[in-house]
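Data first, discussion second: the structure below is written as structure tokens.
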Amino acid sequence: MPEGPSIVILKELVPQFSGKKVLEVNGNTKIDKERLLNKTVVEFKSWGKHFLILFEDFTIRIHFLLFGTYRINERKESQTRLGLIFENGELNLYTCGIHVLEGDLNEIYDWSADVMSDTWDPAKARQKLLLNPEMQACDALLNQEIFAGSGNIIKNEVLYRIHVHPSSKIGAIPKIQIDAMIREARQYSFDFLVWKKAYVLKKHWLAHTKKTCQRCDLPFKKEKLGKTNRRSFYCENCQQLYI
DNA sequence: CCGGTTGTTCAGCG
DNA sequence: GCGCTGAACAACCG
């Protein structure tokens with residue numbers, strides 16, 4: 001569920017509730033559910049891994065973390081975190097973090113940092129990267145201020161596509177590879193979106209969870225790397241280490 | 001049945 | 001106040 005493209009898929013499934021009034025609220029969320037009652041959804045948005053439900057005076061921010069899921073016009077057995085019932089159906093959210101955001105969303109979010117946004121700004125991403133020469137490539141691709149929406153799968157696939165070792169330092173990577181990283185972070189996210197919709201995402205993984213490199217047939221390394229200490233799958237032979 | 005995880009936050013420590 | 005570490009959260013798969 002959690003990476004950016006999955007949130008975009010959710011966003012595409014809910015316009016049926018845009019402009020509709022919340023007739024009933026349920027779930028074990030700690031936020032004040034009364035506040036949503038009889039309010040009308042203005043719009044649904046997303047920023048990276050955040051799913052946003054906009055009301056007139058406030059916004060509900062949903063983060064699915066590792067295990068979050070949702071159901072539209074159906075329910076799961078497990079406890080609902082937040083359920084919104086409209087005249088034409090319902091949106092049920094499970095195992096997610098929920099926050100209420102006050103004020104102007106444009107002051108909270110830099111939309112151009114979202115790799116899937118129409119306003120994604122590769123030049124800004126490049127600037128941010130160059131300001132962090134000591135940062136490791138694997139950490140950069142998980143950094144939500146630089147690549148909002150990118151997660152561990154996208155990280156591993158992008159680094160494999162651009163032939164860069166996850167422990168490479170940003171400042172030592174040739175500029176042409178930095179540009180490739182930025183380009184592929186977006187491109188792979190859209191490939192992810194298409195494949196996920198067609199239920200063929202895993203089939204297209206070339207690095208994530210893989211045992212062997214399809215380019216050179218040598219075994220992949222599997223290690224927890226970087227400050228983020230997340231699983232990296234990489235080929236020592238095909239992915240260059242820049243230090 | 002146990003181990004692991006598409007993620008983030010926060011407490012605790014030096 | 002900082003940076004770092006590890007726990008906590010919690011559902012599902014193999």
Side-chain angles (χ1 to χ4, degrees), chain A residues 1-13 27-31 46-52 60-71 74-83 92-101 108-109 113-116 131-161 166-167 169 184-211 220-234:
Chain A
M1 179 61 223
E3 300 195 34
S6 300
I7 306 303
V8 170
I9 290 171
L10 169 57
K11 188 173 64 176
E12 291 177 358
L13 291 173
N28 61 6
T29 176
K30 277 180 256 172
I31 68 160
S46 64
W47 179 86
K49 300 166 189 168
H50 297 191
F51 176 59
L52 303 168
I60 301 297
R61 185 191 85 189
I62 309 294
H63 199 304
F64 290 99
L65 293 102
L66 216 45
F67 311 121
T69 51
Y70 59 86
R71 292 290 185 274
E74 37 184 271
R75 295 182 185 192
K76 277 182 43 154
E77 283 304 309
S78 57
Q79 280 275 315
T80 307
R81 179 60 44 77
L82 178 65
N92 296 305
L93 308 167
Y94 304 88
T95 333
C96 49
I98 302 185
H99 280 83
V100 180
L101 305 179
I108 299 174
Y109 289 110
D114 178 352
V115 293
M116 303 207 68
L131 284 172
N132 290 284
E134 295 299 312
M135 187 182 276
Q136 293 175 60
C138 58
D139 291 332
L141 280 162
L142 292 175
N143 187 309
Q144 301 300 297
E145 290 175 17
I146 305 175
F147 296 110
S150 173
N152 209 35
I153 296 170
I154 295 173
K155 174 195 83 178
N156 283 319
E157 294 297 318
V158 167
L159 291 172
Y160 184 69
R161 279 188 175 188
S167 297
K169 279 191 192 174
E184 290 299 336
R186 180 170 169 87
Q187 182 57 52
Y188 184 79
S189 294
F190 281 94
D191 291 344
F192 184 129
L193 177 67
V194 169
W195 292 330
K196 177 99 180 173
K197 280 180 180 173
Y199 304 103
V200 292
L201 178 64
K202 285 188 190 183
K203 194 174 87 178
H204 288 273
W205 286 345
L206 299 180
H208 193 69
T209 73
K210 304 309 264 188
K211 298 251 190 293
F220 264 110
K221 288 280 176 190
K222 172 184 167 183
E223 261 181 301
K224 293 197 171 184
L225 296 177
K227 293 190 179 178
T228 45
N229 201 32
R230 301 287 305 279
R231 290 196 303 170
S232 284
F233 297 86
Y234 63 98

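Note that the coordinates shown come from a computational prediction; the quantities given were computed from them, not determined experimentally. Every chain is numbered from 1, with letters handed out A, B, ... down the list of sequences.
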For the P atoms, the ones on B/dG4 and on C/dA7, what distance do you get once it is rounded to whole angstrom? 14 Å
Integer-rounded Å distance: B/dG3 P and A/K224 NZ: 14 Å
Short N/O separations, protein against nucleotides 2-7 of chain C, under 3.5 angstrom:
none

Provide the distance between the two P atoms, one in B/dC10 and one in C/dG1, to the nearest whole Å. 16 Å
Separation of B/dG7 P from A/L66 CG (nearest whole Å): 6 Å
Any side-chain heavy-atom pair from A/Q136 and A/P166 closer than 4.5 angstrom? no
Rounded to whole angstroms, how far apart are NE2 on A/H204 and C1' on B/dT6? 17 Å
Quick one, A/I7 and A/H50 - any side-chain contact, counting heavy atoms below 4.5 Å? no
Atom pairs under 3.5 Å: protein N/O with N/O of nucleotides 10-14 of chain B:
none

Expressed in angstrom and rounded to an integer, what is the separation of A/K196 atom NZ from B/dT6 atom P? 12 Å
Between C/dT5 and B/dT6, how far apart are the two C1' atoms, rounded to whole Å? 23 Å
Rounded distance (Å) that lies between atom P of B/dT9 and atom CG of A/L142: 14 Å
Would you tabulate the pairs of protein nitrogen or oxygen atoms and nucleotide nitrogen or oxygen atoms of nucleotides 11-14 of chain C closer than 3.5 angstrom?
| unit_1 | atom_1 | unit_2 | atom_2 | d |
| --- | --- | --- | --- | --- |
| C/dC12 | OP1 | A/K76 | NZ | 2.4 |

Minimum heavy-atom separation for A/N152 to A/L142, with atom names? N-CD2, 3.6 Å
Please evaluate residues A/L52 and A/Y109 with respect to the criterion side-chain contact (heavy atoms from CB on, under 4.5 Å), reporting the C-alpha separation (whole Å), side-chain torsions for both, the decisive distance (0.1 Å), and the verdict. CA-CA 11 Å; A/L52 303 168; A/Y109 289 110; 3.5 Å; yes
Contact check, side chains of A/K196 and A/E3, non-hydrogen atoms, under 4.5 Å: no
Check this one for me: any side-chain N or O of A/R231 less than 4.0 Å away from OP1 or OP2 of B/dT5? yes
Whole-Å distance, A/I62 CD1 to B/dG7 P, equals 18 Å
Flag the pair A/N143 / A/M135 as yes when at least one side-chain heavy-atom distance between them is below 4.5 Å, and no otherwise. yes
Any side-chain heavy atom of A/L93 sitting closer than 4.5 Å to one from A/F64? yes
When you check the phosphate oxygens OP1 and OP2 of B/dG7, does a side-chain N or O of A/H63 lie under 4.0 Å from one of them? no
Looking at side-chain heavy atoms only, is the closest gap between A/R231 and A/T209 below 4.5 Å? yes
Taking the side chain as every heavy atom from C-beta outward, state whether A/Y234 and A/L225 have any pair of such atoms under 4.5 Å apart. yes
Name the stems with DNA chain C in them: runs of three or more consecutive Watson-Crick or G-U pairs, distances under 3.5 Å? B:2-5 with C:11-14, B:7-14 with C:2-9
Locate the shortest heavy-atom distance separating A/F147 from A/A140; write the atom from each residue and the value. CD1-O, 3.1 Å
Starting from C1' on B/dT6, measure out to CH2 on A/W205 and report it in whole angstrom. 7 Å
Grab the CG-P distance between A/N143 and B/dG7 for me, whole Å please. 13 Å
Tell me, please, which residues at least two apart from A/Y94 pass ring-ring contact (aromatic ring centres under 6.0 Å, His included). none
For A/H99, the ring-ring contact (aromatic ring centres under 6.0 Å, His included) test, sequence neighbours excluded, returns none
Is it the case that the side chains of A/K155 and A/S232 hold a donor-acceptor pair, with the cut-off being a distance below 3.5 Å and no angle test? yes
State, with a plain yes or no, whether a side-chain heavy atom of A/H204 is found less than 4.5 Å away from one of A/D191. no
